[in-house]
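We're numbering straight along the sequence, starting at 1.
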Amino acid sequence: MRRIAILNQKGGVGKTTTAVNLAAALARSGQRVLVLDLDPQAHATTHLGIAPDGKALSMYDVLIDNRPLAEVRRLIGGNLWLAGSDINLAAAEVELAGVVGREVILRDLLQAEEDNFDYILMDCAPSLGVLTLNALAAATEVFIPLQPHFLALHGLGKLFETAALVAKRINPYLHVTGIILCLYEANTKLAQEVLENLQTFLDKSLGQSVPWNKARVFQTRIRRNIKLAEAPSFGQSIFQYAPRCPGAEDYEALAKEVLAQTPIVLSARVEVSTMAKA
């Protein structure tokens, strides 16, 4: 089972869009996929057509009351399950503050799901708090959606540093698999410059004892597409809402790339490093 945290502390870069539509694309290919919504804003939950009204069991009950994921997750469609979120999850940061081992609660609970799914995708909050730490402690891989702007590239260094700290202190098998370029406009000079700078940095990291030493930029670019922005308001993945649009084509292609990957095993020894200024 591949456990993937989809993470970026910057909002509006296509994180939830990627979590939901990549999960749907993998499920369409026959993989058993579970989406964990770890964002109190519950955007992934809403995107998949579930109202986050605070009445149903959610990831709050998993993290605070140790409810098994089997009691919380629900079948959304063929091969696709969701463990949803709601506003109650915002209180988890405070309620877990004094709990011993609070960073590994999710990791321990996921052990019971080991044989039930092929992929678990965790849609993380745009922050680096306890919820995100739980995702990083439970994951073996990190996918980073990135809008090709220089400010977004600058913030990537903080994400890498956080991944290194988690790998050093909590989860030595965590690694950054790759960067997904979202809201991509191929005809802009800025996008090409950001891509070149990012690739140069990743090339310099090869062979270093850091969690991103084998990371790559996915070949599939998620193009800017209005249908991807419209789909959440209908509670549907892009494959339900507009299956022939460029957004659906891009996420189908991304899923094929992910399926073709050979999971990387990371050495348990990592060091903290920071990204060179672009």
Side-chain angles (χ1 to χ4, degrees), residues 4-26 43 121 123-124 126 128 141-164 175-208 210-232 237-239 242 244-262 264 273-278:
I4 302 169
I6 299 180
L7 173 65
N8 196 320
Q9 85 276 19
K10 187 178 185 301
V13 297
K15 177 180 59 63
T16 297
T17 299
T18 293
V20 168
N21 291 306
L22 175 58
L26 290 169
H43 287 169
L121 271 58
D123 184 33
C124 300
L128 298 175
E141 303 178 57
V142 177
F143 288 0
I144 302 176
L146 183 75
Q147 187 176 5
H149 289 175
F150 277 115
L151 289 179
L153 185 63
H154 180 75
L156 197 60
K158 181 63 176 177
L159 280 178
F160 283 157
E161 186 174 345
T162 299
H175 64 276
V176 179
T177 299
I179 316 297
I180 303 168
L181 293 181
C182 298
L183 300 166
Y184 188 74
E185 296 175 299
N187 59 346
T188 66
K189 182 179 180 182
L190 176 60
Q192 295 302 319
E193 290 177 348
V194 169
L195 177 58
E196 290 172 6
N197 287 336
L198 178 58
Q199 191 60 60
T200 298
F201 171 74
L202 293 178
D203 290 344
K204 290 180 180 178
S205 301
L206 290 172
Q208 296 184 22
V210 290
W212 57 90
N213 59 7
K214 295 182 180 179
R216 65 186 182 88
V217 181
F218 283 99
Q219 288 297 315
T220 301
R221 315 291 191 237
I222 309 301
R223 292 165 287 179
R224 187 183 292 275
N225 178 235
I226 189 61
K227 297 297 183 183
L228 287 172
E230 293 172 353
S237 75
I238 194 61
F239 301 102
R244 293 182 178 84
C245 76
E249 294 174 0
D250 294 345
Y251 278 109
E252 185 175 13
L254 178 62
K256 289 178 179 178
E257 269 197 83
V258 172
L259 288 167
Q261 286 179 323
T262 300
I264 302 168
S273 180
T274 55
M275 186 173 182
K277 185 176 180 181

Verdict with supporting geometry, Arg224 and Gln147, side chain to side chain contact (heavy atoms under 4.5 Å, CB included): CA-CA 10 Å; Arg224 187 183 292 275; Gln147 187 176 5; 3.5 Å; yes
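Here the closest heavy-atom approach between residue Ala255 and residue Ala25 is recorded as CB-CB, 3.5 Å. Of all heavy-atom pairs spanning Leu206 and Asn213, the tightest one is CD2-O, 3.2 Å.
Inter-residue side-chain proximity for Asn225 and Asp250 is flagged as unmet; no heavy-atom pair is nearer than 4.5 Å. For the pair Leu198 and Leu146, the minimum side-chain heavy-atom distance is below 4.5 Å. At a threshold of 4.5 Å between non-hydrogen side-chain atoms, the residues Val142 and Leu159 do not count as touching. The shortest side-chain heavy-atom distance between Glu141 and His175 falls under the 4.5 Å cut-off. Residues Ile238 and Cys245 have side chains in contact (heavy-atom distance under 4.5 Å, counting atoms from C-beta outward). Here the side chains of Cys182 and Thr18 are in contact, with some heavy-atom distance below 4.5 Å. Counting heavy atoms from C-beta on, the side chains of Asp123 and Val20 never come closer than 4.5 Å.
With values rounded to the nearest 0.5 angstrom, Thr16 atom OG1 is found 11.0 Å from Asn8 atom CG. Atoms CD and CG, from Glu249 and Leu254 in turn, are 13.5 Å apart once rounded to the nearest 0.5 Å. Taking CD1 from Ile180 and NZ from Lys15, the interatomic distance works out to 12.0 Å, rounded to the nearest 0.5 Å. With rounding to the nearest 0.5 angstrom, the CZ atom of Arg223 is 13.0 Å from the CG atom of Leu183. The OG1 atom of Thr177 sits 9.0 Å away from the CZ atom of Arg216 when rounded to the nearest 0.5 Å.
Side-chain contact check for Thr220 and Tyr251: no donor-acceptor pair (N or O, by modelled atom type) lies under 3.5 Å. Side chains of Asn197 and Glu193: a donor-acceptor N/O pair is absent below 3.5 angstrom, by distance only.
Note on ring orientation: taking the six-membered ring where Trp is involved, the planes of Phe160 and Trp212 are parallel (angle under 30°, cut-offs 30° and 60°).
The closest donor-acceptor contact from the side chain of Arg221 to the backbone of Gln219 lies under 3.5 Å.
Contact check on Glu161 versus Lys158 returns no salt bridge, with no Lys/Arg side-chain nitrogen under 4.0 Å from an Asp/Glu carboxylate oxygen.
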